[in-house]
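Quantities reported herein were computed from a predicted structural model and do not represent experimental measurements.
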Amino acid sequence: EVQLVESGGGLVQAGGSLRLSCAASGFTFDDYAIGWFRQAPGKEREGVSCIRRNGITYYADSVKGRFTISSDIAKNTVYLQMNSLKPEDTAVYYCATVRAFFMVGRCPASNLFRSWGQGTQVTVSS
């Protein structure tokens, strides 16, 4: 059974940084990719970034240049370093797994992701 546990959320002022972690168990990075999503109150879930084992990454335009996704294969953990945070980045952030072959040219659509974590709240104050 795949299990994902996010951590690292919190309250930060605009311009600040946070690093989210997604600790995964029950799967191997060889076959899967990991994506980060976020959902703000009253808004649809939005894809943020994704990463494959070979290091290929994609980002939403809204976070390019500010967020960096990375992975530690030995720890089966994916990180999302978030810099220059803005109030509009406020949301619950989730990580999820998807079969790696879906990740071609862009992050796969959210409906292709199968296992999801419980989420971690990120709040950016102005």
Side-chain angles (χ1 to χ4, degrees):
E1 179 186 1
V2 177
Q3 289 191 326
L4 303 171
V5 179
E6 302 97 334
S7 61
L11 173 64
V12 65
Q13 289 188 331
S17 299
L18 284 173
R19 188 177 82 156
L20 305 183
S21 299
C22 172
S25 61
F27 86 116
T28 63
F29 255 118
D30 290 344
D31 300 326
Y32 290 88
I34 296 283
W36 281 100
F37 295 81
R38 64 186 182 186
Q39 189 164 20
K43 295 188 176 181
E44 292 187 356
R45 184 169 54 196
E46 173 189 19
V48 175
S49 183
C50 57
I51 187 168
R52 287 186 65 164
R53 190 184 192 280
N54 60 8
I56 292 177
T57 60
Y58 298 107
Y59 297 90
D61 288 343
S62 58
V63 306
K64 278 181 183 177
R66 300 188 299 122
F67 290 11
T68 303
I69 191 170
S70 62
S71 63
D72 184 331
I73 303 300
K75 295 182 178 180
N76 248 18
T77 299
V78 170
Y79 304 98
L80 186 68
Q81 178 66 44
M82 305 186 297
N83 298 329
S84 302
L85 282 162
K86 305 175 181 179
E88 51 263 44
D89 294 318
T90 295
V92 178
Y93 284 70
Y94 302 90
C95 62
T97 62
V98 65
R99 293 300 300 270
F101 56 72
F102 282 125
M103 189 173 148
V104 179
R106 55 175 290 174
C107 289
S110 61
N111 63 308
L112 295 174
F113 287 76
R114 287 294 171 258
S115 299
W116 293 77
Q118 82 290 348
T120 185
Q121 176 71 47
V122 171
T123 303
V124 184
S125 63
S126 57

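- Sequence neighbours left out, the pairs with a member in residues 44-56 that pass side chain to side chain donor-acceptor pair (under 3.5 Å) are Asp30-Arg53, Arg38-Glu46, Glu46-Ser62.
- Val5 pairs by the side chain to side chain contact (heavy atoms under 4.5 Å, CB included) definition with Gln118, not counting sequence neighbours.
- Nearest heavy-atom pair, Ala60 versus Gly47, reported as atom, atom and distance to 0.1 Å: CB-O, 3.4 Å.
- Annotation: side chain of Met103 is in contact with side chain of Ile56 (closest heavy-atom distance under 4.5 Å).
- A single hydrophobic cluster is seen to contain both Val78 and Ile73, as judged by linkage of ILVMFWY side chains at heavy-atom distances under 4.5 Å, directly or through other members.
- A heavy-atom distance below 4.5 Å is found between the side chains of Leu4 and Cys22.
- The minimum heavy-atom distance between Val63 and Val48, with the atom names listed, is CG2-O, 3.7 Å.
- With side-chain heavy atoms closer than 4.5 Å counting as contact, directly or through intermediates, the hydrophobic cluster containing Tyr94 also holds Phe37, Val92, Val98, Phe101, Phe102, Leu112, Phe113, Trp116.
- The CD atom of Glu6 sits 11.0 Å away from the CG atom of Leu80 when rounded to the nearest 0.5 Å.
- In this structure, the separation between OG1 on Thr57 and CD1 on Ile34 is 14.0 Å, given to the nearest 0.5 Å.
- Partners of Thr123 according to the side chain to side chain donor-acceptor pair (under 3.5 Å) rule, which considers only residues two or more places apart in sequence or in another chain, are Gln121.
- Each disulfide (SG to SG under 2.5 Å) pair with one or both residues in residues 30-82, not counting sequence neighbours, appears once here: Cys50-Cys107.
- Neither Tyr58 nor Ile51 shares a network with the other; the hydrophobic side chains, linked directly or stepwise wherever heavy atoms of I, L, V, M, F, W or Y lie under 4.5 Å apart, form separate groups for each.
- Put simply, the side chain of Met82 does not reach to within 4.5 Å of the side chain of Val12, judged on heavy atoms.
- When all heavy atoms of Gly9 and Val122 are compared, the closest pair comes out as CA-CG2, 4.1 Å.
- At distances below 3.5 Å, at least one donor-acceptor pair connects side-chain atoms of Tyr59 with backbone N or O atoms of Ile69.
- Applying the side chain to side chain donor-acceptor pair (under 3.5 Å) test to residues at least two apart or on different chains, the pairs with a partner in residues 72-88 are Ser17-Asn83, Gln81-Asn83.
- Other residues, nucleotides and ligands contribute more than 12 heavy atoms inside 6.0 Å of the CZ atom of Arg99.
- Here the closest non-hydrogen pair linking Ala14 and Ser126 is CB-CA, 4.4 Å.
- Here the straight-line distance linking atom CZ of Phe67 with atom CG of Leu20 works out to 8.0 Å at 0.5 Å rounding.
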